[in-house]
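First the structure, in the form of structure tokens, and then the observations on it.
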Amino acid sequence: MVLPEQEVAMTEPTGPRPLEPVTEQWQRALAIVAHPDDLEFGAAAAVARWTAQGRQVVYCLVTSGEAGIDALPPPQAREVREREQRESAALVGVKTVEFLGLPDGVLEYGVPLRRALAGVVRRHRPEIVLTNNFRDTWDGAYALNQADHIATGRAVLDAVRDAGNRWVFPEQLVDGIEPWNGVRQVWAASSPLAAHGVDVTDTFARGVASLRAHDAYLSGLGDGSFDPEEFLEGLCRPVGARLGVRHGTAFEVFHFDLW
């Protein structure tokens with residue numbers, strides 16, 4: 001026997017829930033990710049949208065991705081990947097790109113990483129902080145995330161809170177640096193738990209160009225046939241459908257304006 005409520009449940013369509021648009025009532029954002037190319041795998045098209053609107057976005061790369069190209073020794077890879085990241089950032093309107101120089105592939109969540117990131121937040125005083133997905137997987141099931149992404153994202157959340165506390169890492173408060181508790185939200189791009197998104201239809205091509213700029217890195221992926229446009233189409237179209245547009249980027253939103 002099927003009860004009325006069961007019958008309704010059986011006939012309701014299933015699938016991903018619609019996404020809520022992120023707020024765009026802000027002026028300054030700081031993007032903190034582990035490696036060059038992390039932002040370009042989806043979020044750069046959103047950055048292009050915001051810089052075109054006159055908003056300021058700064059990039060902070062925790063490492064230089066020096067362990068990411070098997071055919072190049074780390075010192076040479078560092079130089080190549082920093083250059084490609086700067087070129088990539090310029091394509092989406094980002095003028096300031098910083099590298100913290102921490103070791104690629106072996107980042108550890110802990111006080112040293114929190115300290116470094118709190119210092120960056122205090123210097124740039126953003127309203128929004130962007131990072132990458134730091135959940136255990138990319139799909140909520142089987143596609144495992146990478147350790148550096150997880151460590152960085154977790155540290156970002158704590159560093160945002162640390163940055164506002166005068167008595168945490170007080171040695172940073174010199175030469176005009178003050179605590180900063182003005183971060184309203186942290187957005188983690190491409191999280192499997194994303195409930196928000198942004199329409200990147202008009203800036204999708206710039207996002208593709210920014211990913212293509214990582215030519216040396218992409219050439220070493222798999223058999224060398226990686227297609228940035230095809231990849232981003234597969235990522236951004238489903239998100240766009242959840243927003244009711246052609247292309248979108250998804251974010252998991254963490255609120256700091258509710259303290």
Side-chain angles (χ1 to χ4, degrees), residues 30-44 47 58-89 94 96-121 129-160 162 169 186-193 210-226 228 231-232 235 251-252:
L30 170 65
I32 303 175
V33 293
H35 315 109
D37 79 71
D38 282 355
L39 287 163
E40 285 67 46
F41 279 94
V47 171
V58 170
Y59 281 7
C60 173
L61 289 301
V62 178
T63 81
S64 296
E66 68 276 7
I69 302 178
D70 186 66
L72 292 180
Q76 187 176 351
R78 177 189 300 274
E79 181 179 340
V80 169
R81 300 206 69 194
E82 287 187 0
R83 183 182 70 249
E84 290 187 340
Q85 181 61 78
R86 290 190 176 96
E87 293 171 353
S88 173
V94 174
T96 301
V97 181
E98 298 183 357
F99 297 88
L100 297 186
L102 276 65
D104 182 20
V106 290
L107 292 178
E108 293 183 300
Y109 170 83
V111 171
L113 185 55
R114 285 169 50 195
R115 178 183 291 112
L117 300 188
V120 176
V121 172
V129 173
L130 309 174
T131 191
N132 239 14
N133 170 40
F134 55 91
R135 298 298 182 179
D136 289 341
T137 70
W138 289 101
D139 59 356
Y142 305 109
L144 292 176
N145 203 347
Q146 198 262 1
D148 284 358
H149 301 155
I150 296 171
T152 298
R154 289 182 58 203
V156 164
L157 289 185
D158 287 333
V160 165
D162 295 335
F169 312 133
V186 172
W187 300 347
S190 301
S191 168
L193 300 183
S210 73
L211 181 54
R212 288 193 194 281
H214 293 275
D215 180 65
Y217 174 71
L218 297 179
S219 295
L221 290 179
D223 62 1
S225 63
F226 178 83
F231 177 87
L232 291 178
L235 187 68
F251 293 95
E252 183 177 2

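No experiment lies behind these values; they were computed from the predicted model shown. Note that the numbering runs from 1 along the sequence shown for the chain.
Taken from CG in Asp148 to CG in Asp38, the straight-line distance is 8.5 Å, to the nearest 0.5 Å. A distance of 7.0 Å separates CG in Leu61 from CG in Leu39, rounded to the nearest 0.5 Å. Here the CZ-CG distance, from Arg114 to Leu157, works out to 11.5 Å after rounding to the nearest 0.5 Å. Distance CG/Leu30 to OG1/Thr131: 9.5 Å, rounded to 0.5 Å. Residue Glu98 holds its CD atom at 9.5 Å from CD1 of Ile32, rounded to the nearest 0.5 Å. Atoms CG and CG, from Asn133 and Asn145 in turn, are 5.0 Å apart once rounded to the nearest 0.5 Å.
Under the 4.5 Å side-chain criterion, counting only non-hydrogen atoms from C-beta, Arg115 is in contact with Val111. At least one side-chain heavy atom of Leu102 sits less than 4.5 Å from a side-chain heavy atom of Leu107.
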| message | Test side chain to side chain contact (heavy atoms under 4.5 Å, CB included) on Leu211 and Phe41; report intermediate values, then the result. | response | CA-CA 7 Å; Leu211 181 54; Phe41 279 94; 3.8 Å; yes
| task | Please assess Val62 against Leu113 for the test side chain to side chain contact (heavy atoms under 4.5 Å, CB included), listing each intermediate value before the final yes or no. | result | CA-CA 9 Å; Val62 178; Leu113 185 55; 4.0 Å; yes
| task | Could you give me the CA-CA distance, side-chain angles and deciding distance for Asp37 and Arg81, then say whether salt bridge (charged side-chain N to carboxylate O under 4.0 Å, His left out) is met? | result | CA-CA 9 Å; Asp37 79 71; Arg81 300 206 69 194; 2.3 Å; yes
| Please walk me through it: do Tyr59 and Val33 pass side chain to side chain contact (heavy atoms under 4.5 Å, CB included)? | CA-CA 8 Å; Tyr59 281 7; Val33 293; over 6 Å; no
| task | Kindly indicate, with the supporting measurements, whether the criterion side chain to side chain contact (heavy atoms under 4.5 Å, CB included) is fulfilled by Arg78 and Phe99. | result | CA-CA 10 Å; Arg78 177 189 300 274; Phe99 297 88; over 6 Å; no
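Between His35 and His149, the ring planes lie perpendicular to each other; the angle is over 60°, past the 30° to 60° tilted range. By the 30° and 60° cut-offs, the orientation of the rings of Trp187 relative to Phe251 is tilted.
Ala44 and Ser210 make their closest contact through CB-OG, 3.3 Å (heavy atoms, listed as atom of the first residue, atom of the second, distance). Residues Leu235 and Gly42 come closest through the heavy atom pair CD2-CA, 3.8 Å. Between Tyr217 and Gly68, the shortest heavy-atom contact is CE1-O, 3.5 Å. Between Val97 and Gln85, the shortest heavy-atom contact is CG1-CG, 4.1 Å. When all heavy atoms of Thr63 and Pro103 are compared, the closest pair comes out as CG2-O, 3.8 Å. Residues Pro192 and Gly140 share a closest heavy-atom pair of CB-N, 3.5 Å.
In this structure, Ser191 contributes its side chain and Leu193 its backbone to a donor-acceptor pair below 3.5 Å. Glu66 contributes a side-chain N or O that, together with a main-chain N or O of Asp104, makes up a donor-acceptor pair within less than 3.5 Å.
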